[in-house]
Amino acid sequence: MHRLTLVQSSPEEPEVAVLRLSSEEHQQLHAQREGFLNHHQVFCKNVRGVTMQQESHPGLAHAAWISVVVHYPHCMCVAACMPAKQ
């Protein structure tokens with residue numbers, strides 16, 4: 001997992017992380033949502049819940065994925081994954 005960027009403006013505002021994931025990491029994120037983000041310390045505080053948005057290419061194998069994750073102050077997240085261009 002490679003965090004491409006993390007945007008933090010203030011404690012009252014959401015944090016936004018952009019991640020580059022291998023195909024295996026992408027599967028782990030979907031299987032263990034909160035556990036994956038907390039294990040990799042993507043955000044300063046642990047997350048309590050993750051809502052995954054529908055993928056643009058579900059079920060297709062890709063070598064790499066880009067995931068955008070928004071972490072709200074109440075520790076809930078929304079995430080979306082897209083295939084990365086090679």
Side-chain angles (χ1 to χ4, degrees):
M1 197 266 328
H2 180 71
R3 185 171 58 199
L4 299 175
T5 190
L6 176 64
V7 178
Q8 300 171 297
S9 56
S10 74
E12 297 83 29
E13 296 293 326
E15 298 173 288
V16 179
V18 179
L19 312 174
R20 183 175 180 89
L21 307 172
S22 68
S23 182
E24 181 180 327
E25 291 167 331
H26 173 254
Q27 291 174 353
Q28 290 172 359
L29 172 61
H30 280 268
Q32 307 166 2
R33 299 171 184 192
E34 297 86 2
F36 181 88
L37 296 173
N38 293 338
H39 173 76
H40 291 286
Q41 300 178 331
V42 174
F43 299 106
C44 297
K45 292 184 179 179
N46 282 346
V47 300
R48 292 185 302 176
V50 180
T51 300
M52 298 297 293
Q53 299 299 306
Q54 183 175 1
E55 293 182 355
S56 56
H57 302 283
L60 295 179
H62 294 280
W65 291 81
I66 299 295
S67 181
V68 178
V69 186
V70 180
H71 182 218
Y72 293 94
H74 56 284
C75 298
M76 300 300 284
C77 291
V78 176
C81 298
M82 289 101 2
K85 294 194 178 191
Q86 299 300 321

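All values derive from a computational prediction rather than experimental measurement.
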Heavy-atom closest pair (Glu15 atom, Leu6 atom, distance to 0.1 Å) is CB-CD1, 4.3 Å
Taken to the nearest 0.5 Å, the spacing of Leu19 CG from Leu4 CG works out to 7.0 Å
Scanning both residues in full, the closest heavy-atom pair of Ala80 with Gln53 reads CB-CB, 4.1 Å
**OP:** Quick one: sort the Tyr72 and His74 rings into parallel, tilted or perpendicular, breaks at 30° and 60°.
**Re:** parallel
Closest non-hydrogen atoms of Ala79 and Ser67, given as atom of the first, atom of the second and distance, are CB-OG, 4.4 Å
Tightest non-hydrogen contact, residues Asn46 and His71, listed as O-NE2, 4.0 Å
*asked:* Quick check: do Val68 and Met82 have side-chain heavy atoms less than 4.5 Å from each other?
replied: yes
Gln32 meets the side chain to side chain contact (heavy atoms under 4.5 Å, CB included) criterion, sequence neighbours left out, with none
Note: Arg33 and Val50 closest approach over all heavy atoms is NH1-O, 3.1 Å
Contacts of Thr5 meeting side chain to side chain contact (heavy atoms under 4.5 Å, CB included) (sequence neighbours excluded), chain-then-number -> Val7, Val18
Sorted by chain and number, sequence neighbours left out, side chain to side chain donor-acceptor pair (under 3.5 Å) with Ser23 holds for none
Heavy-atom closest pair (Cys81 atom, Met52 atom, distance to 0.1 Å) is SG-CE, 3.8 Å
Pairwise side-chain contact, Val69 with Leu37, heavy-atom cut-off 4.5 Å (strictly under): yes
Would the distance check show the side chain of Glu25 and the main-chain N or O of Ser22 forming a donor-acceptor pair, the cut-off being under 3.5 Å? yes
In this structure, CH2 of Trp65 is separated from CD of Gln27 (nearest 0.5 Å) by 9.5 Å
*Same apolar cluster (I L V M F W Y, side chains within < 4.5 Å links), Val47/Met76*: no
Between the CD atom in Gln28 and the NE2 atom in His40, the distance rounded to the nearest 0.5 Å is 6.0 Å
